[in-house]
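The structure under discussion appears below in the form of structure tokens.
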Amino acid sequence: MSNSKRIRWTEFAIETLVRALGFSTIGFVLLIFLFLLREGIPAFFEVDIGNLLGARWYPTFDLFGTLPLLLGSIVVTATAILIALPLGVATAVFVREVAPPWAREVLKPMIEVLAGIPSVVLGFFGMTLVAPFIRTTLGAPTGLVAFTGALILAYMSLPTIISVAEDALDAVPKSYRDASLAMGATKWQTIWRVVVPAAKSGILTAVMLGMGRAIGETMAVMMVTGNAARMPLTLDSLFRPIRTMTATIAAEMGEVAHGSVHYHTLFGIGIILFLLTFAINLAAASAIFQKRRKGGLR
Amino acid sequence: MMMSRYRTQRLGFALLALGALVVVVPILFVVLTVLVRGIGAINWEFLTAMPRDGMKAGGIFPAIVGTLLLTLGTALAAIPVGVGGAIYLSEYARDTWLTRAIRLAIVNLAGIPSVVYGLFGLGMFVLFLQFGTSILAGSLTLAIMTLPIIISTAEEALRAVPTEFRTVSASLGGTRWQGIRNVVLPQALPGIITGILLGLLRAAGETAPILFTVATFFLPRLPRSPFDQTMALPYHLYVISTQVPGMPVKIQYGTALVLLALVLSLNVVATMIRSYFRRRRQW
């Protein structure tokens, strides 16, 4: 009797424990947001809005304009996605639909290797080899420019884009392909006109997740973009130094006094980053959840 | 007509293959470059000695030890929470809005930028809980960052165990937890270990979360307690490639190679465990 009571108590204790651990994830998201708010909100009282939304980021002169940093992040991320999208989709389609088994066996682990390379190693590689190459090709004074950062970021978001796009292609029912082939279409026509369009929204999800990855990337971007906080307003800004939000936090947080205006403003930038990635991932996740309910990620 | 359709197909396939090549060749190039240029720096002294001459000579021993300690700390904190959470999601949770909230939280944790984890770690562990810049603060920050990877891969491994296993255990009079502990967990273990390794290799290679929570520029001794600062490989590579003028390139590439080798060997072990047990599996 006491034995069965003990078993029942163990069952109850275990279930309560793992439930608490499961719910702790929600707690962590809330905690992260709370601490960002706690340290970042004072910035909005200490610095007036006009200054915060201004075009000049010179903390030593009390100029905290976040606009160039925000635009810097957007320019680098958008360029990275423009590079990564065609490459990622082509690779996913190649791996899923075309490649012979041996090529797949080579490609998949290679992409996993890419996903595993630490961002600081890619940043170092970008600094020592990619940037000099870009400098000599362009004849520019420096190779540490927005484009170099975008190029590295494109490769860093590729593993995400490829794997989500692969899932999307995988979820296209075989009957679609069979029907198309039975109508006399070639394999290429089937891929191009049937499979890829059917996987469109899954590919969009892949792009969004890749974008979330790119906008939050820190070390590689900081090491190769030159870190000049200037407004990227003209087209040639792509080939000038630029500075992103993430790089600003990473480069400056180590040197500010805790509790200073500058410190609070850096946390404020953290709030912007948190909300941006939250929105991107929320959108991507709701797309995934919806498709899952309808059966298949398409 | 027939010919041109197939010519288009050949052209299309060639373009796809070209895309895949453009993705893969630079990866190979990065890995091989780091290997070729870094291998010359690797010797016993480099791996086991303290740095000398403002880090321009000597070894990177404290950075290696620091990264191993941080990874160990991350493992200690993240594995119980991650595997426990995965057990809840896979074995206990019903599909309610609360469960969906957990899944959403996991997706968002996975998407939070690494530098924002650094800010959080600074605000909560270093300052609010007064751990100071310490291995403890850094490990906990990295653990929360690693959590979503461990939970989602472990849940996937648990879900892959067929329902019949649980049914049979229950029909023999086992309780739910007995079924999980004696039947489901052992079957899912290889998958769970793969997930843990994939999470830990992320943690070992990250720089931004440890920037303000633990890493120190130069500390030519080993940490003595969890409340000590430490050097770490990724941060060390960042420092010697951007902050120290006149740094010998060989040492930079050597450090990059040690970091890359550490992370990629974890990667290879994880992949091997996965494919080995997938082949041996009887269901």
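What you see below is based on every heavy atom in this structure, not just the backbone, and it leaves out hydrogens, waters and symmetry mates.
- Within 6.0 Å of atom CZ in A:Arg193, 12 or fewer heavy atoms from other residues, nucleotides or ligands are found, so the atom counts as exposed in its surroundings.
- Tested against A:Pro118 for a side chain to side chain contact (heavy atoms under 4.5 Å, CB included), the candidates B:Thr207, B:Leu237, B:Leu260 yield a single pass: B:Leu260.
- Contact tally against chain A (heavy-atom pairs below 4.5 Å) for B:Val268, B:Val81, B:Val116, B:Ile102: the top residue is B:Ile102.
- Note that the CD1 atom of A:Ile32 and the CE atom of B:Met124 stand 9.5 Å from one another [nearest 0.5 Å].
- In this structure, chain A has a heavy atom under 4.5 Å from the side chain of B:Thr271, while its backbone stays farther away.
- Proximity to chain B (any heavy atom under 4.5 Å) is shown, for A:Ile117, by both the backbone and the side chain.
- Only the side chain of B:Leu264 comes within contact range of chain A, with heavy atoms under 4.5 Å apart.
- Heavy-atom pairs under 4.5 Å with chain B were tallied for A:Ile249, A:Thr246, A:Ile280; the largest tally goes to A:Ile249.
- Interatomic distance, A:Met219 CE to B:Ser114 OG, rounded to the nearest 0.5 Å: 8.5 Å.
- Here A:Leu31 is the residue among A:Ile215, A:Leu31, A:Thr10 with the most heavy-atom pairs under 4.5 Å with chain B.
- If you take CG on A:Asn281 and CG on B:Asn108, they are separated by 5.5 Å, rounding to the nearest 0.5 Å.
- Taking the six-membered ring wherever Trp is involved, the centroid distance between the rings of B:Tyr238 and A:Phe124 does not fall below 6.0 Å.
- Using a 4.5 Å cut-off between heavy atoms, A:Met222 touches chain B through its side chain atoms alone.
- Contacts between A:Phe12 and chain B at a heavy-atom distance below 4.5 Å are absent for every atom of the residue.
- Among the candidates A:Phe94, A:Phe33, A:Trp192, the residue making the largest number of heavy-atom pairs closer than 4.5 Å to chain B is A:Phe94.
- Counting heavy-atom pairs closer than 4.5 Å to chain B, the top-ranked of the candidates A:Gly27, A:Gly270, A:Ala250 is A:Ala250.
- With a threshold of 4.5 angstrom between heavy atoms, A:Val98 approaches chain B through side-chain atoms but not through N, CA, C or O.
- Chain A forms more heavy-atom pairs under 4.5 Å with one residue of B:Ile106, B:Val34, B:Leu127 than with any other, namely B:Leu127.
- A side chain to side chain contact (heavy atoms under 4.5 Å, CB included) with B:Gln9 is found for one member of A:Thr186, A:Ile191, A:Thr190 and no other, namely A:Thr186.
- Using a 4.5 Å cut-off between heavy atoms, B:Val83 makes no contact with chain A at all.
- Residue B:Glu206 does not touch chain A at all, counting heavy-atom pairs closer than 4.5 Å.
- Residue A:Phe125 touches chain B through its side chain alone, counting heavy-atom pairs closer than 4.5 Å.
- Under the side-chain contact (heavy atoms from CB on, under 4.5 Å) criterion, A:Glu105 pairs with no residue at all, not counting sequence neighbours.
- Taking the six-membered ring where the residue is Trp, A:Phe23 and B:Tyr88 present tilted rings, their angle falling between 30° and 60°.
- Note that OG of A:Ser24 is 6.0 Å distant from CD1 of B:Ile151, once rounded to the nearest 0.5 Å.
- Nearest approach of B:Leu16 to A:Val93, heavy atoms of both residues: CD1-CG1, 3.6 Å.
- Interface remark: B:Phe212 contributes side-chain atoms only to the contact with chain A (heavy atom separation under 4.5 Å).
- Contact count versus chain A (heavy atoms, under 4.5 Å) is highest, among B:Ile144, B:Ile87, B:Leu89, for B:Ile144.
- Contacts of B:Val30 with chain A are made by both backbone and side-chain atoms, with heavy-atom separations under 4.5 Å.
- Of all the heavy atoms in B:Gly84 and A:Leu21, the pair that sits closest is CA-CD1, 3.6 Å.
- Contact of B:Arg37 with chain A is made through the side chain alone, with heavy-atom distances under 4.5 Å.
- Taken from CZ in B:Arg176 to CD1 in A:Ile14, the straight-line distance is 12.5 Å, to the nearest 0.5 Å.
- Proximity to chain A (any heavy atom under 4.5 Å) is restricted, for B:Pro26, to the side chain, taken from C-beta onward.
- Looking at B:Gln252, both its backbone and its side chain come within 4.5 Å of chain A, counting heavy atoms on both sides.
- With a 4.5 Å cut-off on side-chain heavy atoms, B:Thr175 and A:Arg8 do not count as touching.
- Neither the backbone nor the side chain of B:Thr99 comes within less than 4.5 Å of any heavy atom in chain A.
- By number of non-hydrogen pairs under 4.5 angstrom with chain A, the leading residue of B:Leu122, B:Leu201, B:Leu266 is B:Leu122.
- Chain B forms the most heavy-atom pairs under 4.5 Å with one residue out of A:Leu276, A:Thr25, A:Leu158, A:Val29, and that residue is A:Thr25.
- Note: A:Phe28 CZ to B:Leu109 CG = 8.0 Å, rounded to the nearest 0.5 Å.
- When heavy atoms are compared at a cutoff of 4.5 Å, A:Ile26 approaches chain B by way of both its backbone and its side chain.
- Between A:Ala285 and B:Val107, the closest heavy-atom pair is CB-CG1, 3.9 Å.
- Remark: B:Gln130 CD is loosely packed, at most 12 non-hydrogen atoms of other residues, nucleotides or ligands lying under 6.0 Å away.
- At most 12 non-hydrogen atoms from other residues, nucleotides or ligands lie less than 6.0 angstrom from CZ of B:Phe128.
- Residues B:Phe13 and A:Lys187 meet the side-chain proximity criterion, which asks for heavy atoms closer than 4.5 Å.
- The contact between B:Tyr117 and chain A is made entirely by side chain atoms (from C-beta outward), counting heavy-atom distances below 4.5 Å.
- Using a 4.5 Å cut-off between heavy atoms, A:Met110 contacts chain B through both its backbone and its side chain.
- Ranked by heavy-atom pairs under 4.5 Å with chain A, the first of B:Val31, B:Leu259, B:Val249 is B:Leu259.
- For B:Leu98, the parts lying under 4.5 angstrom from a heavy atom of chain A are both the backbone and the side chain.
- Counting heavy-atom pairs under 4.5 Å between each of A:Glu39, A:Glu15, A:Arg19 and chain B puts A:Arg19 at the top.
- Between B:Arg274 and A:Glu112 there is a salt bridge, with a side-chain nitrogen of the basic residue lying less than 4.0 Å from a carboxylate oxygen of the acidic one.
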